[in-house]
Asks: 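Would you mind keeping the following structure in view while I ask a few things?
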Amino acid sequence: DKAGHKHFMSKEIAEQPAVVARAIEHYLQGSDIVLPGDGIDFTKIDRLTLVACGTAFYACLTAKYWFEQLARIPVEVDIASEFRYREPPIPNRTMALFVSQSGETADTLAALRYCKEKADKIVSVVNVTTSSIARESDVTLPIFAGVEVGVASTKAFTCQLTVLLLLALKAAKARGAQSDAELATHLSALQNLPGAINVALGAGDSIRRTARKLSEARDVLFLGRGLMYPLALEGALKLKEISYIHAEAYASGELKHGPIALIDKNVPVIVMAPRDSLFDKTVSNMQEVMARKGKVLLMSDSQGLKEAGDDVWEEIEMPAAPEIVTPILYAVPAQLLAYHTAVAKGTDVDQPRNLAKSVTVE
Ligand code: F6R
């Protein structure tokens, strides 16, 4: 049932304020983050290894910033199909964490089995709680996204991020890496997030107009720095999956190390840049693009859009939000942009060619 939407993808994008709120409510009891079963003792963990595929891998890349910055735990992130065949050493006091919407992705499951008897703790973040990955973990953290029908993952991604941020805050508290006041600030940022996602959804009409122009492009670049880098990767994946436009993402700082050679008036450059601590750096990358006649589509908040000046090609305005929740918030315009571009091109949004919802073969 598409609940009045033209596609499941659009319905699932619209559900995000509610499902993210549900995930937060489930884990947050007062100011305590409560995990199922015996939970996880983060004072006994010295490093994390995060493993997943596709969109879930980008959720892990985002989580690396959170675990390292908030909880000061070193994190490695790997694509499951690389991890399992490389057979990496797993030092003592390692927690291995697997993220999977379906819980049945063959490579992720094989990576989990490789870690058995090697890692101190096997944790999974899943949507389908009856899945193989959930069953074979020591601790399973459900994301409460509800059934996701669209092949391109949307609400599962934002719910994965929400649960991973909660887990990073849990680790930060256990390790004394954040003061009580800092933790309270982060928790209130999370509690305000569903409302902010709702406001972000309001940009839909303006994104639809921008998407019509974007649908004429053959190649698109996404740029982001810090927490926005994994989001740029996810934005590019969403766009290529459903609109079949060639899209690539780079960390903004990598622009001048190669990809800047691609810039001309035919390649739109989508810059994801809230007015955060790294904004000025990203603006200077943007100016390098514009100086080469590149068309910049800037996603930022009103302050960021104002500071970026009048030379940007298209703007998408997001509500201002605390830096740590911006990846969850900026997932929304990235999804809407891919969605409306695909609709403008007339592709099969919910069933893109060559793709399966659950990849149970290697
Ligand atoms: C992209 C997408 C895929 C999945 C990937 C992992 O929109 O949906 O990249 O994220 O196949 O699937 P799960 O999370 O089920 O392990």
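Basis for what follows: all heavy atoms, side chains included, without hydrogens, waters or symmetry-related copies. One is the number of the first residue; the rest follow in order along the sequence. Indexing begins at 1, ligand by ligand and atom by atom, following the structure's order. Every value quoted in this text rests on a predicted model; they were computed, and no experiment measured them.
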Asks: Is it the case that K118 places NZ or CZ above or below the six-membered ring of Y114, under 6.0 angstrom from the centre and within 45 degrees of the axis?
Replies: yes
Asks: When you look for heavy atoms under 4.0 Å from ligand 1, do you find them on the side chain of E241, its backbone, both, or neither?
Replies: side chain
Asks: Salt bridge check: are K293 and D264 linked by an N-O gap of less than 4.0 Å?
Replies: no
Asks: Heavy-atom contacts under 4.0 Å between V151 and ligand 1: side chain, backbone, both, or neither?
Replies: backbone
Asks: Short list, please: which atoms of ligand 1 are under 4.0 Å from a heavy atom of S100?
Replies: 13 (P), 14 (O), 15 (O), 16 (O)
Asks: Starting from atom 16 (O) of ligand 1, which protein heavy atom do you reach first, and at what distance in Å?
Replies: T105 OG1, 2.4 Å
Asks: In terms of side-chain geometry, is the basic nitrogen of K116 or E136 positioned less than 4.0 Å from the acidic oxygen of its partner?
Replies: yes
Asks: Ligand 1 versus K238, non-hydrogen atoms closer than 4.0 Å: side chain, backbone, both, neither?
Replies: side chain
Asks: What's the shortest distance from atom 11 (O) of ligand 1 to any protein heavy atom, and which residue and atom give it?
Replies: V359 CG2, 4.1 Å
Asks: Distance under 4.0 Å to a non-hydrogen atom of A152: what atoms of ligand 1 satisfy this?
Replies: 7 (O)
Asks: Between T55 and ligand 1, is there a nitrogen or oxygen pair with a distance under 3.5 Å?
Replies: yes
Asks: Do D78 and R86 sit within salt-bridge range, that is, some charged N less than 4.0 Å from a carboxylate O?
Replies: yes
Asks: Using the ring centroid of each side chain, check whether Y339 and H7 are separated by less than 6.0 Å.
Replies: yes
Asks: Who's closest to atom 6 (C) of ligand 1 heavy-atom-wise, of C53, A52, G54?
Replies: C53
Asks: Checking side-chain contact (heavy atoms from CB on, under 4.5 Å) against V139, which of D38, I122, L97, V123 comes through?
Replies: V123
Asks: Would you say S102 has any N or O atom under 3.5 Å from an N or O of ligand 1, going by distance alone?
Replies: yes
Asks: Heavy-atom contacts with A56 under 4.0 Å: which atoms of ligand 1 show up? List them by number with element.
Replies: 10 (O), 14 (O)
Asks: Starting from atom 14 (O) of ligand 1, locate the nearest protein heavy atom and write down its residue, its atom name and how far away it is, to 0.1 Å.
Replies: Q101 N, 2.6 Å
Asks: Looking at E148 and K11, does any basic side-chain N land under 4.0 Å from a carboxylate oxygen?
Replies: no
Asks: How about T55 and S153: does a side-chain donor come under 3.5 Å of a side-chain acceptor?
Replies: no
